[in-house]
Amino acid sequence: MASDPKAQIEAALRAALAKVAPAHASAPILLERPKQADHGDLSTNIALQLAKQLGRRPREFAEQLAASIAGDAFERPEVAGPGFINFRLKAGARFGVIARVLEQGARYGWSRSGGGEPVQVEFVSANPTGPLHVGHGRQAALGDAIATLLESQGHKVTREYYYNDAGAQIDKLAWSVQARAKGIRPGERGWPEEGYAGEYIEDIAREYKGDANDVPEVRRFAVAYLRREQDADLAAFGVKFDVYYLESSLYTEGKVEAVLKALVASGKTYEKDGALWLRTTDYGDDKDRVVRKSDGSYTYFVPDVAYHVTKWQRGFKRVINVQGTDHHSTVTRVRAGLQALGLGIPPGWPEYVLHSLVKVTRGGEEVKISKRAGSYVTVRDLIDWVGRDAVRFFLVSRKADSEFVFDVDLARERSDENPVYYVQYAHARLCSVFAQWGGKPATLGSVRLDALRGDREALLASLLDEFPETLAKAAREAAPHDIAFYLRELAAQFHSYYNAERILVDDEELRSARLALCAAVRQTLANGLSLIGVSAPEKM
RNA sequence: GCGCCCGUAGCUCAGCGGAUCAGAGUAUUGGCCUCCGAAGCCAAGGGUCGUGGGUUCGAAUCCCGCCGGGCGCGCCA
């Protein structure tokens, strides 16, 4: 297997540093890929970083450093600008990546750096009181991609869904269904205050054959019905969970009670106005929080803490919760509650990825209503309108914390403007080339690559080379949008190459070499798409 | 009012452990299919990186103020 040229350059730089500036032998080395071709394939600003500390002139220091660097993967480094050191790879090293991709196949880009460390990603966690809305869709797309990214880096990931199937909102659901079953419509006399008005309530009422006066039975039926619906939506979205954790089980197993007792025992609680409060201000909250209301019932805060205690006790030293920014106030609170328990949980545990809300537009207008849900657009609506792949790709293509406007027209009516098709098209196009060629891609792994001389080919190889580090960074930062942007760039570079050069040329050596490069591009596109849950079609 | 997040090209957005960082898509304009898929490619125009200070040899990037927008500020979840 050809070694990674970047790793080799880094090692060579390290060795040179040890010789020229022993005191800084372990300084962090940043190797970048310059945009401009005349700055080489890789470049470092290490001389600029260290010159100041060494009290030396950057350019002079860079020259000295460059002079003592040696390696067989690259040409003699050049010093440029104020003191950058630029590296140009030798052809063999540059295209070595092709063999690596073809050898590793679907695992190209994956690593074992996670060492099997268990991580739990909790996401969606919608109340079973209605269909999933677009915000849940963003969470599903983000959470699933983050989970997959972590798996790609060697973590053992558990995808978890927390069902808030206990509490006041479930009562409201039961009453709404009950009213519907009795023929009462929203707004009419006898309709529950703040009841759920969506069409799905009517569906549930119609399906319910039992006694409308049996509220517990109505509740059981409605919750089960909506869970099935949500499961179907998630299945249509291609998202699977390993664990569904029921809030109700926290009560039936006495975990809520236990946590309350432990909080009292911690001495961090006090009585005021007939309620029991926790001193969360001791842990950075801006005000203390009620844990037991004056009517004797608990606030949702208590089961929340109890739930997180179970995560810790289940052995997850690392937990990532994906939530909307509308819940960001719970971050401090949950952590504070956990701290008060004194279980040795780190103050910053669990981690959170907060995403801004999603706005849906169509025909230039914001869409707020959907028949199915009554007051919001559902994930299912979106999938019906634009297809699963487009929804997935769109929702993951922006930073979590930027507000997202989902333009239905853009994703649907003018599909040629749709970025997901652009990437998928590159993949389908490649498949078409291979179909036309008719040979066996497996034979390309050991083909001679000396015929690859073009700038576009070099650029493609460089992009392929970049994939593993892009993936590692995306996983580290829980930022799937990095993958979407990478795929866009790789697809663009391929389309450009495809238009400029013919792949199936007569010259056998050149044709094989180009096919090998193309096979590597196709593999990497497929790998990246799978990370964000988007299909890689052979035909479109 | 307080807390968190966000202001980058007409529009939608990357870049934000400082330098080789002024970028992509889209829109507009002009080119490219007797040739492996034109859902594609090539080219042009377009930005005082919200604003005012500060740190630095060097700031879209770090710090402070201000302006604008989002979310939160329940004995709701």
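Naming convention: chains lettered A, B, ... in sequence-line order (proteins, then strands); numbering from 1 in each chain. Below, all heavy atoms of this structure are taken into account, side chains as well, without hydrogens, waters or symmetry copies.
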For [X], answer base if it contacts any base atom (sugar-phosphate contacts may also be present), sugar-phosphate if it contacts only those atoms, and nothing otherwise; contact means non-hydrogen atoms under 4.0 Å.
X: A:Phe485; answer: sugar-phosphate
X: A:Ala435; answer: nothing
X: A:Ser329; answer: sugar-phosphate
X: A:Asp326; answer: sugar-phosphate
X: A:Gln493; answer: nothing
X: A:Arg289; answer: nothing

* Would A:Tyr161 and A:Phe123 count as a ring-ring contact (aromatic ring centres under 6.0 Å, His included) if you check the C-alpha gap in whole Å, the side-chain angles of each, and the deciding distance to 0.1 Å? -> CA-CA 6 Å; A:Tyr161 189 128; A:Phe123 57 108; 8.1 Å; no
* Asked: Is there a donor N/O on one and an acceptor N/O on the other, under 3.5 Å, for the side chain of A:Ser432 and the base of B:C36?
  -> no
* To do: Look at the side chain of A:Asn499 against the base of B:G40 and say whether a donor-acceptor pair falls under 3.5 Å; ignore hydrogens and angles.
  => yes
* **Pairing of A:Arg88 and A:Glu78 as salt bridge, 4.0 angstrom limit** => no
* Carboxylate-amine/guanidinium proximity below 4.0 Å for A:Glu457 and A:Arg94 -> no
* Between B:C75, B:C5, B:C4, which nucleotide gets closest to the side-chain atoms of A:Asp401? -> B:C5
Phosphate-side-chain proximity, [X] and [N], N/O vs OP1/OP2 below 4.0 Å:
X: A:His355; N: B:C5; result: no
X: A:Ser496; N: B:C42; result: yes
X: A:Ser402; N: B:A14; result: yes
X: A:Tyr498; N: B:C35; result: no
X: A:Lys399; N: B:C16; result: no

* **Partner residues of A:Tyr425 under the ring-ring contact (aromatic ring centres under 6.0 Å, His included) criterion, sequence neighbours left out** => A:His495
* More 5' along RNA chain B: A:Arg456 or A:Ile85, using each one's nearest nucleotide? -> A:Ile85
* **5′-ward residue of the pair A:Thr330/A:Arg398 relative to RNA chain B** => A:Arg398
* Would you tell me whether A:Ser43 and A:Asn86 have side-chain atoms, one donor and one acceptor, within less than 3.5 Å of each other? => yes
* To do: Classify the glycosidic conformation of B:C33 as syn or anti, calling it syn when the angle lies within 90° of 0.
  => syn
